[in-house]
Amino acid sequence: MKYSFTHALGHFIVNDNGEIIGTLAKPDAKLKKLPFELVQCVLENFKQKKYFAKLYSKNIVITKKAIKESVNEDNLIVQTISTMTELDRTINLFTKRLREWYSLYFPELSENVSNHEKFVDMVLTEKRPQETIGANMQQKDIAEMIKLAKHIQTMFRLRCEHETYLQTIMKKYCPNITELAGVTIGAKLLELGKSLKHLAMLPASTIQLFGAEKALFRHLKTGSRSPKYGIIYEHQLIQKAKKKDRGKIARVLADKLSLCARLDYFKGEFKAKEYRKDLERKFG
Amino acid sequence: MKPIPHKIFGIYTDKRRIYTKNVFPGKIHFEEKTVKDGPIEYREFDPRRSKLAAMIMKGCTNIGIRKNDVVLYLGSSHGYTPSFVSDMVEEDGFIFGIDPAPRVMRDFVFLAEKRNNLVPVLADAFHPETYMDRVCAVDIVYQDVAQRNQTAIFVKNCKMFLKKGGYGLLAVKARSIDITKKPKQIFIEVRTQLEKEFTVIDYRILEPFEKDHCMIIIKK
């Protein structure tokens with residue numbers, strides 16, 4: 001009995017005892033494929049120094065190609081949502097600093113305007129009235145504050161642009177998840193599930209508890225009460241509901257989200273609107 | 001103090017730290033410290049970053065890795081430990097580093113371009129049939145993958161690629177196998193599982209360096 005075996009080193013003909021009896025220029029379709037048990041015997045033959053250089057160069061080429069092809073929408077979505085969360089943190093930090101700093105000069109503004117974005121805009125546009133408890137300052141001291149405010153404003157704009165970009169790629173890549181969960185939660189689910197493929201393979205109970213790993217492992221280890229929801233807690237349906245209904249809604253929502261992930265990955269039809277209506281009728 | 005040869009082949013020691021002799025002097029990849037002795041350069045092997053180094057620091061007498069060996073390294077990650085194994089087997093040795101994640105493989109490819117005895121293979125170690133057409137039989141199987149089914153992966157790969165009389169090194173992370181069980185109980189379970197197939201020659205808990213980890217060395 002003869003078998004064919006394709007290796008990075010070439011195409012070989014192997015007999016029943018796992019010995020190489022010949023080489024081929026290209027794979028022969030007539031010959032049977034090598035059974036699993038004989039592979040080990042064949043691989044023993046390649047453990048020689050003369051083959052190492054070829055193995056090295058072939059593998060480098062294959063791996064480089066595989067890395068090049070591994071990038072897809074998942075990576076883009078994960079990078080964008082990570083940048084957005086980091087931008088949020090940075091903006092918050094810097095705006096708090098600006099509030100402290102600017103309050104030396106004009107404390108009433110920070111007191112009256114609680115919205116961060118509005119506050120930064122007003123620092124750049126509004127002039128200080130005459131009556132204030134803030135200190136009088138030289139122009140060069142105020143200019144430094146204005147510089148910081150300008151940078152924060154561009155960061156707000158950047159975040160806005162990222163959000164619209166994320167919305168367009170999410171709607172194209174996973175329309176069902178985006179419709180049911182919204183852009184931010186959907187992207188965060190993809191981030192935690194590593195990829196849409198992996199997310200589609202996961203059970204709904206895992207999706208329900210994404211982002212609550214700490215509480216889940218505490219529950220498994222010490223027997224404390226189990227968490228009811230993770231990242232999907234931010235969803236509007238759960239936010240609006242009464243406290244005692246929240247666990248139930250989280251369970252149903254996660255169930256529907258896992259269905260949506262499967263629809264998106266296996267290129268099914270668009271059903272998220274029905275699911276959304278169902279949920280709203282039940283719990284709305 | 002100059003590093004002197006350790007009882008394990010390829011390892012040098014100055015009684016407090018361990019080193020390997022750099023096969024490609026002048027090339028440092030992970031910001032590790034170096035000691036120079038004329039033309040010879042020693043790279044420090046940090047037991048807190050590598051389970052193999054931790055195993056050596058715990059007093060293991062035989063890790064099985066020798067000059068000119070061919071190694072199958074499952075879970076190569078960024079390539080910290082593989083770079084030291086590549087020092088141990090020297091230029092004529094050969095190491096296949098296998099990892100399923102493209103992100104870490106990217107770093108490993110850059111490392112492999114600098115050290116020509118490292119070979120990157122982007123594949124899942126649980127499916128040896130996907131990369132059996134790219135590797136050859138090996139003398140050593142080293143595994144550090146932190147997966148739930150890591151023992152099954154190890155047995156599968158040892159049966160497939162390890163030559164008779166070759167060594168296998170398995171780093172067990174108890175917390176990835178089962179978080180509810182006690183680590184020691186898991187180590188014993190893994191050990192009895194391996195004893196059915198191979199002979200276990202060493203078993204050590206890597207306590208001060210790695211929490212809830214152990215390493216088992218087997219011989220086929």
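Throughout, a chain's letter reflects where its sequence line sits, starting with A, and its residues are numbered from 1.
In F110(B), the CZ atom is not crowded: 12 or fewer heavy atoms of neighbouring residues, nucleotides or ligands sit closer than 6.0 Å. More than 12 non-hydrogen atoms from other residues, nucleotides or ligands lie less than 6.0 angstrom from CZ of F9(B).
Chain B forms more heavy-atom pairs under 4.5 Å with one residue of F5(A), F217(A), F52(A) than with any other, namely F52(A). Listed options V70(B), L162(B), I179(B) were ranked by heavy-atom pairs under 4.5 angstrom with chain A; first place goes to I179(B).
Looking only at side-chain heavy atoms (C-beta outward), L55(A) and F96(B) come within less than 4.5 Å of each other.
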Please step through side chain to side chain contact (heavy atoms under 4.5 Å, CB included) for the pair I67(A) and V109(B), ending with a clear verdict. CA-CA 10 Å; I67(A) 290 172; V109(B) 167; 3.7 Å; yes
Enumerate the inter-chain donor-acceptor pairs under 3.5 Å for chain B and chain A, one line per pair.
from: D92(B); atom 1: OD1; to: K49(A); atom 2: NZ; distance (Å): 3.3
from: A112(B); atom 1: O; to: Y56(A); atom 2: OH; distance (Å): 2.6
from: E113(B); atom 1: OE2; to: K64(A); atom 2: NZ; distance (Å): 2.4
from: P120(B); atom 1: O; to: T63(A); atom 2: OG1; distance (Å): 2.7
from: D133(B); atom 1: O; to: A8(A); atom 2: N; distance (Å): 2.8
from: R134(B); atom 1: O; to: N59(A); atom 2: ND2; distance (Å): 3.0
from: V135(B); atom 1: O; to: H7(A); atom 2: NE2; distance (Å): 2.9
from: A137(B); atom 1: N; to: L43(A); atom 2: O; distance (Å): 3.3
from: D139(B); atom 1: OD1; to: K47(A); atom 2: NZ; distance (Å): 2.8
from: L162(B); atom 1: O; to: Q40(A); atom 2: NE2; distance (Å): 3.1

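The parts of V121(B) that come within reach of chain A are both its backbone and its side chain, each placing non-hydrogen atoms under 4.5 angstrom from that chain. Proximity to chain A is absent for every atom of F108(B), based on heavy atoms less than 4.5 angstrom apart.
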